[in-house]
Colleague: 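Here it is: the structure, laid out below.
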Amino acid sequence: MTTPATVPDLVLRGARLPRLDGECDVLLRGGEIAEIAPRGRIAEGGARSVELGGRLLLPGLWDEHVHFTQHVIRRRRLDLADTTSPAEVLDRLRAELARRTDLDAGELIMGYGFRDGLWTESPTLAAIDDVSRTVPVALVSADLHCAWVNTPAARLLELEPDASGVVREGPWIAASARLEAANAVPISAYRDAAEAAARRGVVGIVDYEYADNVAEWRERVREGVDQLRVDVAVWPDRLDEALAAGHRTGDLLEPSGLIRMGRLKVVVDGSLNTRTAWCWDPYPGAEPTADDAYGVVSTSAAELRRLLAHARGGEIGAAVHAIGDHATTEVLDAFEELGMSGIVEHAQLISDRDLPRFARLGLVASVQPEHAMDDRDVAEHHWLGRTGRAFAFGSLHAAGAELRLGSDAPVAPLDPWISMSAAISRSRGDRDAWHPEQRLPFEVAFAASTRGRTTVAVGDPADLVVVESDPATLPRDALRELPVAATLVGGRATWSGTLLD
């Protein structure tokens, strides 16, 4: 197993660094940046030397919110991303069933990626059963918060759908975990996905998969999935186990130094697309007195405070999912009452009075800019009149909040350049910028994708990316597709093409 002490010294020659004129040589030793000097000033001294030819050397990128197993599985599922109605979804399913003549008895057909927030027709259990009465089918929404299942799949997954056939929030999240346990993903699929991330300059991820992430990532590294650093989250049902093991946020969990203990993940509400984000205002067309008119409360205020305090007692930090403005207020209140810092995941709709509280309370806003591009039309429908404070990255930055960018993969691509482009431009394709006042400067978006590193400095981890162009100067679409020449984690190449051969 590779450790920082066993990685050979490496001199990167002819590198350009941000805010420095001319080309430099950079010595990597023991997993860190040991020396930076003008070109030709660092003696090899037994180190291997590689010529970068004036390419730009930058801190490596982090994706701060990933569901890695779901991301891996998505690459193997029926793609529903471009469907716009239940009828289109079922047409795609019919074609898949006609193609799959090799299905084993009881084998489950999985689909992924529909967005039902703007559907004008309603899905039904009868309709999906008509397409497949014997083969189990589970079609997962793009936000992972619900699935449209047929009767055989409901029996297989121990679910009780209503007449819509759609199972939402907690019951589906629990079922998806059972599904993953019963359908093991080959280690090669994890390795391929990690290598694909490294090809885009990613050196680390935060994995919020609903699983035994500590044990599973230790095993993956032993099996050669060693292209990424991973902070692993723990969910409430495994919190006591993590505390009993003495795991604390930031602790190394295996010898390579790649896997660290992350935070407790708590989900307070649902999502925008499923109309379960907990808001102060009712959803359009909802009866104001209905239980779900304002969204869904997944974790009560009392339970949230209990979980946060319990985790804090064992030095495990917290990352709390809050999408609606009421959920965000509740989460901020909990952190404030407990005197805790932490991370608010998503924060997609924020009350004006809550914006300055992030900085005052020392809370990180972990946001997913590509979601704003995916959900702008859904937001304009379900949050009409409130979208000036939806995905409010610019307002959060102006209020002094620390931002971190992620993808929520597989909900959006595991590619920080795409996240940065969305944060900077608030546009995609041929559409105008959506609430351009919420755009971020490049420097802010980049720092939010590198854990605050804006340049390459002596003493920093040798987690680096070599790029062919200066991303700060690129137009929107070119930034999304920026070619990466090499990626290094702890001074070890995890992607290089032929550059570091």
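These numbers come from the heavy atoms of this one structure, side chains and all, not from hydrogens, waters or symmetry mates. Note that this is a predicted model, so its numbers are computed, not measured.
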Colleague: Could you pull out the closest heavy-atom pair between Met420 and Ala445, with the gap in Å?
Modeller: CG-O, 3.8 Å
Colleague: Within the side chain of Gln438, is there an N or O that forms a donor-acceptor pair under 3.5 Å with the backbone of Arg389?
Modeller: no
Colleague: Inspect the contact between Asp415 and Arg199 and indicate whether a charged nitrogen and a carboxylate oxygen are less than 4.0 angstrom apart.
Modeller: no
Colleague: Check the angle between the aromatic planes of His326 and Trp280 and answer parallel, tilted or perpendicular using the 30° and 60° thresholds.
Modeller: parallel
Colleague: When you measure from the side chain of Ser351 to the backbone of Asp354, do you find a donor-acceptor pair of N or O atoms at a distance under 3.5 Å?
Modeller: no
Colleague: Closest approach of Pro123 and Val166, non-hydrogen atoms and distance?
Modeller: CG-CG2, 3.7 Å
Colleague: State whether a side-chain donor-acceptor pair under 3.5 Å links Gln368 with Ser419.
Modeller: no
Colleague: Rounded to the nearest 0.5 Å, what's the gap from CD on Glu345 to NE2 on His321? Could you check?
Modeller: 9.5 Å
Colleague: When you compare the side chain of Leu144 with that of Pro410, does any pair of heavy atoms fall below 4.5 Å?
Modeller: yes
Colleague: Step through the shown structure and confirm whether more than 12 heavy atoms of other residues, nucleotides or ligands are within 6.0 Å of CG on Asp82.
Modeller: yes
Colleague: Can you tell me how far the CD atom of Gln227 sits from the CD atom of Glu195, to the nearest 0.5 Å?
Modeller: 5.0 Å
Colleague: Specify the closest pair of heavy atoms between Ala409 and His71, including all atoms of both residues, with the distance to one decimal.
Modeller: CB-ND1, 4.0 Å
Colleague: Run the salt bridge (Lys or Arg N to Asp or Glu O under 4.0 Å) test on Asp231 and Arg263 for me, step by step, so that the C-alpha distance in whole Å, both residues' side-chain angles and the decisive distance to 0.1 Å come before the verdict.
Modeller: CA-CA 8 Å; Asp231 290 355; Arg263 295 171 178 266; over 6 Å; no
Colleague: Could you tell me which non-hydrogen atom of Arg77 sits nearest to which non-hydrogen atom of Gly111, and how far apart they are?
Modeller: CD-O, 4.2 Å
Colleague: Do Arg16 and Asp470 pass the salt bridge (Lys or Arg N to Asp or Glu O under 4.0 Å) test, and can you show the C-alpha distance, the side-chain angles, and the key distance before you say yes or no?
Modeller: CA-CA 10 Å; Arg16 289 188 300 114; Asp470 184 349; 5.4 Å; no
Colleague: Where the side chain of Thr494 meets the backbone of Thr487, is there a donor-acceptor pair that is under 3.5 Å apart?
Modeller: yes
Colleague: Evaluate side-chain hydrogen bond (donor to acceptor under 3.5 Å, both in side chains) for Glu330 paired with Trp278, printing each intermediate quantity in order.
Modeller: CA-CA 10 Å; Glu330 185 61 50; Trp278 185 23; over 6 Å; no
Colleague: Salt bridge or not for Glu64 and Arg451, using N-O below 4.0 Å?
Modeller: yes
Colleague: Do you know which two heavy atoms are closest between Ala318 and Met340, and how far apart they sit?
Modeller: CB-CE, 4.4 Å
Colleague: Applying side-chain contact (heavy atoms from CB on, under 4.5 Å) to Val234 and Val214, what does each step give before you reach the verdict?
Modeller: CA-CA 8 Å; Val234 60; Val214 173; over 6 Å; no
Colleague: Are the side chain of Ser496 and the backbone N or O of Ala486 linked by a donor-acceptor pair below 3.5 Å?
Modeller: no
Colleague: Return yes if some donor-acceptor pair links the side-chain N/O of Asp325 with the main-chain N/O of Leu349 below 3.5 Å, else return no.
Modeller: no
Colleague: Can you tell if the side chain of Leu58 reaches within under 4.5 Å of the side chain of Pro18, non-hydrogen atoms only?
Modeller: yes
Colleague: Would you mind reporting whether Arg404 and Trp62 have side-chain heavy atoms less than 4.5 Å apart?
Modeller: no
Colleague: State whether the side chain of Asp207 and the backbone N or O of Phe68 hold a donor-acceptor pair below 3.5 Å, judged by distance alone.
Modeller: yes
Colleague: Does the pair Arg191/Glu223 count as a salt bridge with the N-to-O cut at 4.0 Å?
Modeller: no
Colleague: Is it true that Asp333 and Arg357 have a side-chain N and a carboxylate O under 4.0 angstrom from each other?
Modeller: yes
Colleague: How close do Arg200 and Trp417 get, heavy atom to heavy atom, and via which atoms?
Modeller: O-NE1, 3.0 Å
Colleague: Salt bridge check: are Asp292 and Arg275 linked by an N-O gap of less than 4.0 Å?
Modeller: no
Colleague: Could you go through Val267 and Lys265, starting from their C-alpha distance and side-chain angles, then the distance that decides it, and tell me whether this counts as side-chain contact (heavy atoms from CB on, under 4.5 Å)?
Modeller: CA-CA 7 Å; Val267 175; Lys265 172 70 179 294; 4.2 Å; yes
Colleague: Flag the pair Leu355 / Leu396 as yes when at least one side-chain heavy-atom distance between them is below 4.5 Å, and no otherwise.
Modeller: yes
Colleague: Within the 3.5 Å criterion, strictly below it, is a donor on Arg376 or Thr387 matched to an acceptor on the partner's side chain?
Modeller: no
Colleague: Any heavy-atom pair between the side chains of Trp172 and Val140 that's under 4.5 Å?
Modeller: yes
Colleague: For residues Gln348 and Trp383, is any side-chain donor paired with an opposing acceptor at under 3.5 Å?
Modeller: no
Colleague: When you compare the side chain of Val230 with that of Val221, does any pair of heavy atoms fall below 4.5 Å?
Modeller: no
Colleague: Have Ser271 and Asn273 got a donor and an acceptor in their side chains that come within less than 3.5 Å?
Modeller: no
Colleague: Could you tell me whether the side chain of Glu254 and the main chain of Arg218 form a donor-acceptor pair under 3.5 Å?
Modeller: no
Colleague: Does the side chain of Thr276 pick up a donor-acceptor pair with the side chain of Arg168 at under 3.5 Å?
Modeller: no
Colleague: If we check side-chain contact (heavy atoms from CB on, under 4.5 Å) with Val465, which of these qualifies: Val203, Thr450, Val202, Val484?
Modeller: Val484
Colleague: Could you walk me through whether Phe446 and Leu61 pass the side-chain contact (heavy atoms from CB on, under 4.5 Å) check?
Modeller: CA-CA 9 Å; Phe446 184 74; Leu61 307 179; 4.0 Å; yes
Colleague: Does NZ or CZ of Arg92 lie under 6.0 Å from the centre of the six-membered ring of Trp148, at an angle within 45° of the ring axis?
Modeller: no
Colleague: So that I know where these two stand, are His65 and His371 an aromatic pair - ring centroids less than 6.0 Å apart?
Modeller: no
Colleague: Are Arg220 and Tyr190 in a cation-pi contact, defined as NZ or CZ under 6.0 Å from the six-membered ring centre and within 45° of the axis?
Modeller: yes
Colleague: Evaluate the criterion side-chain contact (heavy atoms from CB on, under 4.5 Å) for residue pair Arg492 and Asp226; output intermediate values, then yes/no.
Modeller: CA-CA 10 Å; Arg492 172 177 57 89; Asp226 60 357; 3.8 Å; yes
Colleague: How many angstroms lie between atom CG of Asp212 and atom CZ of Arg238, to the nearest 0.5 angstrom?
Modeller: 4.5 Å
Colleague: Indicate yes or no: at least one non-hydrogen side-chain atom of Ile418 is less than 4.5 angstrom from one of Ser407.
Modeller: no
Colleague: Does a side-chain N-to-carboxylate-O contact under 4.0 Å join Asp463 and Arg453?
Modeller: no
Colleague: Without swapping roles, check the side chain of Tyr112 against the backbone of Leu139 for a donor-acceptor pair under 3.5 Å.
Modeller: no
Colleague: Distance from Leu93 atom CG to Ile128 atom CD1, nearest 0.5 Å?
Modeller: 6.0 Å
Colleague: Quick check for you: to the nearest 0.5 Å, what is the distance between Asp408 atom CG and Gln70 atom CD?
Modeller: 10.5 Å
Colleague: For the atom pair NE2 (His145) and CG (Leu272), what is the distance rounded to the nearest 0.5 Å?
Modeller: 10.5 Å
Colleague: Hey, does Ile73 have a side-chain heavy atom less than 4.5 Å from the side chain of Met110?
Modeller: no
Colleague: Do any N or O atoms from the side chain of Ser141 and from the backbone of Cys146 form a donor-acceptor pair under 3.5 angstrom?
Modeller: yes
Colleague: State whether Arg94 and Asp91 are salt-bridged, where the test is any N-O pair (Lys NZ or Arg NE/NH1/NH2 against Asp/Glu carboxylate O) under 4.0 Å.
Modeller: yes
Colleague: Indicate yes or no for a side-chain donor-acceptor contact from Arg431 to the backbone of Arg426 under 3.5 Å, with no hydrogens or angles considered.
Modeller: no
